[in-house]
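Below: the structure, in structure tokens.
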Amino acid sequence: MKRLLILMVLVIGTALIIKVFAYVNDNSDSEKILSFYHKYAVAYNIKDYRQSNAQCDSILSVYCTSKMCKDTKEDRVNGVSYDFATDNMGIDEAALKTLRVVQNGDHYVVTYRLNDINDRFQKIVRNVKLQVTMSNGKIATVQSVK
Amino acid sequence: MTKRIKIKCLFALCTLSLLIASCTDTSPFFDNFSNKTENDKVISCLDKTIGYVQKNEENILFMKARGYKASDLKYGLCRRLNYQGKMMLQIPVIKGNLTSAKVGDALTGQPTRAYALFVFDQRGRVSVVDYVEQLPSADYRDRHDGDLFYYDFQGVQDEYNEQGEYLGYYDVRKAATRIGKETTDSFPDDSSVIDGGDLPGAEIVAPYPTDPNDPFDGYNTELDSLASGDQCPVCGTDLEFDANDGTVYCPSCGYGCNNSYGGGGGGSGSSSSAGQSFSASKAIAYIKSIAYPYYMKDKCGHCARAVRQALERGGIDTTGHPLYAKDYGPYLMAWGFEEVSKENYIPKEGDVRVFQNLPGTTAGHIDIYGGDTWYSDYRENDYPGPKYKNVEVVIYRKTQK
């Protein structure tokens with residue numbers, strides 16, 4: 001009976017430790033994402049295009065997978081300068097006031113309100129919702145949710 | 001004693017299995033080919049293809065560029081086709097494993113909608129390696145949730161050879177219609193080679209731009225029998241009549257849009273073409289049929305070509321067009337377009353936007369308004385990207401004379 005009790009305590013203890021580790025890990029991922037978008041928004045809106053790119057690259061290399069960094073750099077030369085970190089939605093410093101990160105299963109949902117213009121050249125506020133997945137502690141994919 | 005019996009039994013078993021193996025014909029047999037010579041020829045060519053791919057896996061351009069492995073070519077599902085009197089094997093390229101292999105059934109694995117094409121010379125050696133990737137319709141991913149259906153492709157895909165030279169286009173809608181009609185011609189349950197018969201010329205490597213003297217312009221033949229209000233043979237939408245050139249076309253998938261060639265003013269150069277008529281609906285139907293549903297880094301980046309082809313489908317003779325998207329402004333003016341003011345601007349179908357280049361780049365960007373959003377070689381949102389909101393943009397609209 002005593003042995004069984006010890007065994008149960010051990011099992012529950014291990015499960016608890018795993019849960020705590022997972023929570024800490026998830027929390028740190030959320031904070032990483034939040035920190036990334038804070039820094040990225042500032043860098044992305046630097047007026048000088050080249051300087052902005054350099055700053056963005058440096059932030060991307062810290063927070064995102066090498067693939068995302070590579071894709072972003074390559075697309076500036078060969079594509080439409082697609083912004084993979086926001087799935088081409090863009091981000092500005094004003095958006096940081098409304099920036100939220102929520103975990104949803106195996107991914108994170110990032111939301112913010114963006115001061116934007118539409119194709120009629122009218123100022124609008126866009127509600128941006130991004131689905132972010134992490135891989136080894138780095139942002140791996142970002143997909144906008146309509 | 002027991003040990004001896006065991007050894008004897010083992011020996012007997014080995015002998016028996018050897019005997020069975022020698023009696024069984026282990027060579028593959030494709031029951032679609034009753035002719036043994038033809039069957040052997042297909043097997044031989046298939047063997048050579050497998051050998052060729054395994055040996056050149058690192059060097060075949062399309063495989064290298066898209067990260068395909070030799071195992072992604074599903075040899076068991078290949079079609080044997082006749083291409084200009086030569087044998088051609090059309091092998092689906094699907095990443096991952098297949099669980100189903102019947103026409104109309106969903107195939108699991110990453111849906112690439114691609115085929116590797118191998119043409120053989122008279123001596124049965126691989127003489128041409130080609131690759132065709134088929135475009136899904138705009139809402140394909142939503143409708144099928146990642147599944148792949150054989151008959152559900154549409155679009156016109158530009159085709160290049162291994163050296164990257166432009167060969168022409170592959171009209172997937174035509175192929176899709178044909179495959180759809182051949183529902184009885186299903187893949188056998190054991191996934192073996194089927195005889196696809198002759199490959200009509202219109203289906204592959206049609207000359208581009210369309211040559212009116214091209215005897216393989218079979219696409220028109222089918223359209224001739226269709227009238228306004230008939231159902232589109234590809235998507236089922238009601239066909240519409242285009243008063244500009246007296247043809248019918250599908251406003252939904254763009255079927256019939258390539259008929260617009262040769263229409264218009266017939267001018268030979270850009271300067272003389274201002275008076276030609278422009279069918280925005282045809283141009284839009286076409287660009288919607290070729291645009292990727294979202295931006296794909298490895299496939300997009302040819303906005304100028306996509307928009308130019310759409311303009312051509314709409315009846316504009318773009319002879320002498322510029323190379324870069326940012327330079328299209330003066331040419332559009334010469335083709336009868338006029339600049340539209342950005343004040344109180346409301347997008348209209350067929351409007352063309354020309355963006356200047358971002359610093360450090362040369363090309364700029366061009367797109368066309370499709371009624372719902374803007375299109376280039378992919379379906380955009382309001383803009384090609386956030387950075388393009390800060391560059392100079394001019395909007396052009398065709399004025400009908």
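Naming convention: chains lettered A, B, ... in sequence-line order (proteins, then strands); numbering from 1 in each chain.
Heavy-atom pairs under 4.5 Å with chain A were tallied for B/Pro347, B/Cys303, B/Ser376, B/Cys300; the largest tally goes to B/Pro347. Heavy-atom pairs under 4.5 Å with chain A were tallied for B/Leu358, B/Thr362, B/Asn344, B/Thr361; the largest tally goes to B/Leu358.
In this structure, CD1 on A/Ile117 lies 7.5 Å from CG on B/Asn390, to the nearest 0.5 angstrom.
Looking at A/Val80 and B/His365, their side chains come closer than 4.5 Å, going by heavy atoms from C-beta outward.
If you measure heavy-atom distances from B/Asn381 to chain A, the contacts under 4.5 Å come from the side chain alone. With a 4.5 angstrom heavy-atom cutoff, A/Asp116 touches chain B only via side-chain atoms. Using a 4.5 Å cut-off between heavy atoms, B/Phe355 does not touch chain A at all. With a 4.5 angstrom heavy-atom cutoff, A/Asn78 touches chain B only via backbone atoms.
Residues of residues 40-52 of chain A lying within less than 4.5 angstrom of chain B, judged on heavy atoms, are A/Tyr44, A/Tyr49, A/Arg50, A/Ser52 in numerical order. Of all residues in residues 64-74 of chain A, those placing a non-hydrogen atom less than 4.5 angstrom from a non-hydrogen atom of chain B are A/Asp71, A/Glu74.
The shortest non-hydrogen separation linking B/Lys389 to A/Met89 is NZ-O, 4.4 Å. Scanning both residues, B/Tyr383 and A/Asn118, for their nearest heavy atoms gives OH-O, 3.2 Å.
Using cut-offs of 30° and 60° for the angle between ring planes, the A/Tyr82 and B/Tyr295 rings count as parallel.
Within 6.0 Å of NZ on B/Lys348 lie no more than 12 heavy atoms contributed by other residues, nucleotides or ligands.
A donor-acceptor pair is defined here as one N or O able to donate and one able to accept, closer than 3.5 Å; such a pair exists between the side chain of A/Asn88 and the backbone of B/Pro384.
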Evaluate the side chain to side chain contact (heavy atoms under 4.5 Å, CB included) criterion for residues B/Arg353 and A/Asp119: first the C-alpha distance (whole Å), next the side-chain angles of each, then the deciding distance (0.1 Å), finally the verdict.
CA-CA 10 Å; B/Arg353 290 189 303 191; A/Asp119 57 357; 3.8 Å; yes

